[in-house]
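Computation of the quantities below employed the complete heavy-atom set of this structure, encompassing side-chain atoms and omitting hydrogens, waters and symmetry-equivalent molecules. This chain uses plain numbering: 1 for the first residue, then up along the sequence. Remember, it's 1-based here, ligands and their atoms both numbered in the order they're listed. The model shown is predicted, which means the values in this text are computed figures rather than measured ones.
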Amino acid sequence: MNSRAFPAWRVQRAGEGIEARLDRLTPDELSPGEIVIRAEYSSLNYKDALALSGRGKIMRHYPLVAGIDVAGRVETSDDPAFGPGDAVLVTGSGIGERTDGGFAGRVRVAAKHVIAIPSGLDTRSAMQLGTAGFTAALAIHRMEINGQAPGGGPILVTGASGGVGSLAVAMLAGRGYKVVAMSGKPEAQKWLGELGAEEIILSREADFGDKPLESARFAGALDTVGGDTLARLFPVIDWWGNVAAIGNAGGAKFQATVFPFILRGVSLLGINSMATPRALRETLWERLATDLKPAALDDIAGEEIALEQVMRSVELLMDGKGPLGRTLVHIP
Ligand SMILES: NC(=O)c1ccc[n+]([C@@H]2O[C@H](COP(=O)([O-])OP(=O)(O)OC[C@H]3O[C@@H](n4cnc5c(N)ncnc54)[C@H](OP(=O)(O)O)[C@@H]3O)[C@@H](O)[C@H]2O)c1
């Protein structure tokens with residue numbers, strides 16, 4: 001057996017579809033890059049589940065190692081900015097989509113995508129946050145640049161029991177916002193309250209009216225569901241409020257009127273965690289290590305699995321039977 005070999009969840013074409021296998025690879029078989037990271041943790045995102053199950057066209061080519069997130073220690077570096085042993089992370093920079101990803105013992109990656117883990121976080125907590133935490137932080141950051149502030153009224157978070165949603169609830173509550181969580185899962189209500197939501201709305205009971213403008217109920221909203229759920233929010237957002245559009249788990253298309261935008265000055269902010277410029281990425285990780293760091297990270301990403309168990313967790317996630325919050329992948 002090759003002593004440099006490590007396990008990696010690699011996706012290959014198989015007939016019309018794809019097949020995911022836990023292969024053994026060596027660093028030379030990975031996509032090029034100046035840095036080789038000895039992975040310690042990754043995490044399971046909705047996108048990873050789509051990629052590994054073949055239910056979404058996430059990967060640009062095959063074969064490719066899955067996993068859009070990784071944190072670990074630099075093993076070798078051809079870039080002076082990083083040296084062996086440095087604690088680093090990579091989230092949503094194309095790994096697991098265009099280049100080999102984080103569900104592997106080693107990850108080789110371009111130095112421009114590598115972020116030094118700021119003090120206040122370690123490889124484990126960085127992956128408890130992962131792309132989901134980064135995305136929630138990006139949405140909050142953009143909303144705040146656009147005038148959102150604690151004390152301005154409640155913020156609605158949809159898809160609240162998911163990774164992005166639950167982290168957004170905890171971050172907003174920690175920042176002093178009044179948070180209203182909307183979730184399809186009755187069993188998530190108590191947990192969302194513990195994370196800091198002051199009010200919980202069950203998705204199937206949500207009634208925001210059907211007029212182009214309704215009485216304002218929320219100062220802003222962070223939406224991970226998309227489709228009709230997103231469209232129904234605009235009429236109930238207060239003056240100058242922001243709606244951050246993050247996900248499409250509940251649909252891509254929506255129909256809305258322009259009135260909330262032109263009569264109340266509501267803003268729709270698009271959130272793309274992949275294409276975030278490096279300077280903003282560093283700012284956001286600083287915030288994730290300080291004012292946006294959720295107090296109860298273990299309650300949000302308490303489920304820890306071994307690399308070998310990734311496919312089982314993917315199946316559960318795709319069947320809607322995943323745990324509340326996030327799943328951490330430990331790569332010893
Ligand atoms: N824009 C970006 O850069 C970016 C980055 C990361 C993720 N995302 C997107 O954000 C969304 C959430 O990601 P995640 O990693 O947090 O996923 P996740 O952990 O699987 O959470 C998704 C949540 O959405 C709700 N949901 C799922 N299916 C739904 C459906 N058919 N109808 C309505 N609600 C549904 C559920 O929450 P409840 O049961 O509580 O309602 C679920 O827990 C995904 O669409 C993902 O692709 C976007």
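Ranking protein heavy atoms by distance to atom 45 (O) of ligand 1, first place goes to N248 N, 3.1 Å. Ranking the protein heavy atoms by distance from atom 17 (O) of ligand 1 puts Y46 CB, 3.3 Å first. Closest to atom 32 (N) of ligand 1 among all protein heavy atoms lies G250 CA, 3.5 Å. Closest to atom 9 (C) of ligand 1, if we only count protein heavy atoms, is G247 CA, 3.6 Å. Nearest to atom 26 (N) of ligand 1 among the protein's heavy atoms is A249 CB, 3.9 Å. Ranking the protein heavy atoms by distance from atom 22 (C) of ligand 1 puts G162 CA, 4.2 Å first. Looking only at protein heavy atoms, the nearest one to atom 19 (O) of ligand 1 is G163 N, 2.8 Å. Ranking protein heavy atoms by distance to atom 25 (C) of ligand 1, first place goes to G159 CA, 4.0 Å.
Comparing heavy-atom distances from atom 34 (N) of ligand 1 across V225, T229, T327, I271 singles out V225 as nearest. Nearest residue to atom 8 (N) of ligand 1 from N45, I246, L50 is I246 (criterion: closest heavy atom). Of the candidates G133, S161, G130, the one placing a heavy atom closest to atom 38 (P) of ligand 1 is S161. Scanning G184, A188, G320 for the heavy atom closest to atom 41 (O) of ligand 1 points to G184. Here atom 3 (O) of ligand 1 lies nearest to S273 when heavy atoms of A168, S273, S43 are compared.
Residue Q255 qualifies as open at atom CD: its count of foreign heavy atoms under 6.0 Å is 12 or below. No more than 12 heavy atoms of other residues, nucleotides or ligands shown are found within 6.0 angstrom of CG on D210.
Proximity of K47 to ligand 1 is not established, as no heavy-atom distance is less than 4.0 Å.
A distance of 11.0 Å separates CZ in F234 from OG in S267, rounded to the nearest 0.5 Å. Note that the CD atom of E29 and the CZ atom of R4 stand 9.5 Å from one another [nearest 0.5 Å].
Residues Q128 and D298 have side chains that bring a donor and an acceptor to within less than 3.5 angstrom of each other. In this model, no donor atom of one side chain and acceptor atom of the other lie less than 3.5 Å apart for T131 and N45.
Ion pair R124/E40 not flagged as a salt bridge, since none of the NZ, NE, NH1 or NH2 atoms sits closer than 4.0 Å to an Asp/Glu carboxylate oxygen.
Looking at ligand 1, you'll find an N or O of K185 within less than 3.5 Å of one of its N or O atoms. Looking at ligand 1, you'll find an N or O of V164 within less than 3.5 Å of one of its N or O atoms.
Note: Y41 and H330 have parallel aromatic rings, judged against thresholds of 30 and 60 degrees for the angle between ring planes.
Listed for the K57 side chain is a donor-acceptor partner under 3.5 Å among the backbone atoms of M59. A donor-acceptor pair under 3.5 Å is formed between the side chain of S77 and the backbone N or O of F82.
Using a 4.0 Å cut-off to heavy atoms of N272, the atoms of ligand 1 that qualify are 3 (O).
Neither the backbone nor the side chain of A132 has any atom closer than 4.0 Å to an atom of ligand 1 (non-hydrogen atoms only). Proximity of T135 to ligand 1, defined as any heavy-atom pair under 4.0 Å, is confined to the side chain (atoms from C-beta onward).
In the hydrophobic clustering of ILVMFWY residues, with side-chain heavy atoms under 4.5 Å counting as a link, V243 and V225 come out apart.
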Checklist entry - Please walk me through it: do L138 and L280 pass side-chain contact (heavy atoms from CB on, under 4.5 Å)? => result CA-CA 9 Å; L138 176 59; L280 179 53; 3.9 Å; yes
